Number of protein chains: 2
Amino acid sequence: MTAPTRRERLRTATATEIKDGARRLLVTGGVDAISLRAIARDMGMTAPAIYRYFPSLEALVAALAGDLYDELRLRLEATRDDAGAEPVDQLLAMCRAFRAWSVAHPAEFGLIFGAPSPGLDGFVDDCVDPDHPGARFGAVFVQPIIDLWHRSPFPTPPAELLRQQLGGRLEPLRLSHGEVPIEVAYAFLSGWTRLYGLVAMEVFRQLTWAVTEAEALFELELAMFTAQLGGGADQAGGGQ
Amino acid sequence: MTAPTRRERLRTATATEIKDGARRLLVTGGVDAISLRAIARDMGMTAPAIYRYFPSLEALVAALAGDLYDELRLRLEATRDDAGAEPVDQLLAMCRAFRAWSVAHPAEFGLIFGAPSPGLDGFVDDCVDPDHPGARFGAVFVQPIIDLWHRSPFPTPPAELLRQQLGGRLEPLRLSHGEVPIEVAYAFLSGWTRLYGLVAMEVFRQLTWAVTEAEALFELELAMFTAQLGGGADQAGGGQ
DNA sequence: TTATTTGGGTGAACGCTGTTAACTATCGCA
DNA sequence: TGCGATAGTTAACAGCGTTCACCCAAATAA
């Protein structure tokens with residue numbers, strides 16, 4: 001790991017400038033608005049020059065998606081580290097931070113958590129690799145749940161039932177986290193899908209026909225979830 | 001409502017042929033692959049002719065989205081009508097049918113339940129209108145839950161808490177369903193977001209890094225949910 | 001029956017897009 | 001000083017949504 005040469009510094013600087021331009025277009029006009037020509041125009045370049053940095057538009061978008069996963073994960077890790085030692089407090093803070101980032105960045109959320117366009121199929125399917133930004137993000141919730149489980153086991157379906165129903169289907173998870181108690185694995189999957197569903201429906205505006213101010217519903221669900229965990233420290237409150 | 005003239009018949013026939021072509025392109029190549037020129041080519045026409053039927057590509061995609069909402073809603077209504085008189089059985093059958101349709105039609109699911117592209121902003125925001133296909137679809141789950149609530153009230157958070165937290169924010173829902181008990185409104189929102197989250201994560205392949213065969217997880221969650229409703233008729237089972 | 005209006009379809013064109021090819025200038029190194 | 005890699009250029013191709021002017025056949029009116 002030697003110091004980067006001048007060439008390398010310029011190269012990564014240009015690459016991030018390209019990705020910044022792509023993100024700006026993503027935010028203002030959606031994923032369809034990301035165009036090599038527009039990015040190059042904003043940079044005072046011509047479009048073919050971008051091919052020195054990314055082999056195609058889709059590869060650029062995939063790289064941007066990876067960066068967004070990392071940005072969100074770093075945000076959640078910082079939130080966890082600031083939330084004290086109680087795992088339940090860490091989890092609550094992370095859930096709120098996840099929603100806050102998602103609501104504040106709907107276009108970015110849509111890119112990484114929405115319907116994968118066929119061009120990004122490769123990117124999303126590579127998630128089986130534990131080093132994939134998507135997998136690294138997903139894993140950020142696992143450790144706090146393990147901690148919580150060891151500190152004060154929360155009620156779950158009986159382990160025999162879980163083993164029978166989920167059994168060997170959790171091997172991808174085990175591959176990245178070693179031996180995770182199956183109750184923890186289930187709690188993670190159940191909780192993560194609930195969190196995702198709630199936030200995605202709000203960001204995608206799928207609830208406007210039924211409810212206004214989805215944040216109230218979010219805080220309510222959070223309170224119900226912690227109550228289900230066996231009554232944690234911070235219940236309800238916290239959301240105005 | 002007089003009989004349609006010959007002109008009108010031909011017109012609607014051509015319009016549905018256009019939408020069929022659009023759907024075919026959606027399925028094979030994603031939403032980006034829907035192009036007026038490709039549709040027209042497949043029909044033996046030229047692209048500008050389509051403008052006699054739809055004012056723009058986005059309008060065509062919005063119309064297709066509306067049709068897909070209706071298709072899914074009709075499917076779920078048929079499922080409900082075939083599921084006997086017990087509301088809990090109706091709900092379980094509808095949940096399974098929702099997942100089955102979504103897994104079988106990932107591209108269509110992505111169009112109507114994924115990230116809304118800025119071009120479809122108008123379409124999704126119009127969901128506040130109860131006659132909007134999206135709102136009509138969402139409402140399909142409400143009535144069975146009302147029935148279930150009246151037949152055997154399931155445990156919910158106390159009504160005072162719900163009123164305090166959700167209060168007037170449910171007016172859009174009330175607008176389409178009249179006076180819905182607030183416990184029912186909460187149960188609907190909570191259950192629908194859970195169902196959506198689980199199915200969307202499977203269809204969008206957001207769980208591949210953690211679990212294989214998401215159907216097992218789905219059936220497990222379904223069993224947990226019915227248990228939470230106070231132990232229903234059909235528990236677990238049903239999914240191999 | 002004849003004249004006319006309407007509606008559906010065509011062809012050409014504009015400006016945009018991703019991508020490739022050939023070419024050029026510059027930077028870093030021996 | 002000279003050479004090779006690197007980063008950029010221009011030109012071009014094919015495809016896209018969209019608009020315009022035009023045309024023809026079918027339905028309608030006289």
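Quick caveat: nothing in here was measured; it's all calculated off a predicted structure. Convention: sequence-line order gives letters A, B, ...; per-chain numbering from 1.
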Euclidean distance, atom [atom1] of residue [X] to atom [atom2] of [N] [Å, nearest integer]:
{"X": "Phe54(B)", "N": "dG17(D)", "atom1": "CZ", "atom2": "C1'", "value": "16 Å"}
{"X": "Arg9(B)", "N": "dG7(C)", "atom1": "CZ", "atom2": "P", "value": "18 Å"}
{"X": "Arg41(B)", "N": "dT10(C)", "atom1": "CZ", "atom2": "C1'", "value": "16 Å"}
{"X": "Arg52(A)", "N": "dT24(C)", "atom1": "CZ", "atom2": "P", "value": "14 Å"}
{"X": "Leu10(A)", "N": "dC27(C)", "atom1": "CG", "atom2": "C1'", "value": "10 Å"}
{"X": "Ile18(A)", "N": "dG8(D)", "atom1": "CD1", "atom2": "P", "value": "8 Å"}
{"X": "Met43(B)", "N": "dG9(C)", "atom1": "CE", "atom2": "P", "value": "8 Å"}

> Sub-3.5 Å donor-acceptor pair from the side chain of His177(B) to the main-chain atoms of Gln143(B), do we have one?
Replying inline: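 No, His177(B) side chain to Gln143(B) backbone: no donor-acceptor pair under 3.5 Å.
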
Is there a side-chain contact between [X] and the phosphate of [N], meaning an N or O under 4.0 Å from OP1 or OP2?
{"X": "Tyr51(B)", "N": "dT18(D)", "result": "yes"}
{"X": "Thr46(B)", "N": "dG9(C)", "result": "no"}
{"X": "Tyr53(A)", "N": "dG8(D)", "result": "yes"}

> Can you tell me if Trp101(B) and Glu71(B) form a side-chain donor-acceptor pair at under 3.5 Å?
Replying inline: yes

> Side chains of Glu221(A) and Tyr186(B): do they bring a donor and an acceptor to under 3.5 Å?
Replying inline: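 Yes, side-chain donor-acceptor contact under 3.5 Å.
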
>> Here's a test for you: under side-chain contact (heavy atoms from CB on, under 4.5 Å), which of Leu198(B), Leu217(B), Leu92(B) qualifies with Leu222(B)?
In response: Leu92(B)

>> Out of the candidates Asp67(A), Leu68(A), Leu64(A), only one should pair with Glu108(A) under the side-chain contact (heavy atoms from CB on, under 4.5 Å) rule; please name it.
In response: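 Going through the options one by one, the only one that passes is Leu68(A).
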
> Should the heavy atoms of other residues, nucleotides or ligands under 6.0 Å from CD of Glu77(B) be counted, would the total exceed 12?
Replying inline: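 Check passes, neighbour count above 12.
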
>> Within a 6.0 Å radius of atom CZ on Arg73(A), are there more than 12 heavy atoms belonging to other residues, nucleotides or ligands?
In response: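 Correct, the count exceeds 12.
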
> What residues in residues 56-67 of chain B put a non-hydrogen atom under 4.0 Å from any atom of DNA chain D?
Replying inline: Ser56(B), Leu57(B)

> What nucleotide among dG9(C), dC20(D), dT19(C) has an atom nearest to a side-chain atom of Pro48(A)?
Replying inline: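 Nearest nucleotide to the side chain: dT19(C).
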
>> Using a heavy-atom cut-off of 4.0 Å across all strands, would you classify Arg7(B) as base, sugar-phosphate, or nothing?
In response: base

>> So, using ring-ring contact (aromatic ring centres under 6.0 Å, His included) as the criterion, who are the partners of Phe204(A) when residues are at least two apart?
In response: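 Only Phe109(A) meet the ring-ring contact (aromatic ring centres under 6.0 Å, His included) criterion with Phe204(A).
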
>> Here's a test for you: under ring pair (Phe, Tyr, Trp, His ring centres under 6.0 Å), which of Trp192(B), Tyr196(B), Phe218(B) qualifies with Phe98(B)?
In response: Trp192(B)

> What residues in residues 19-39 of chain A put a non-hydrogen atom under 4.0 Å from any atom of DNA chain C?
Replying inline: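 The answer is Ile34(A), Ser35(A), Leu36(A), Arg37(A).
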
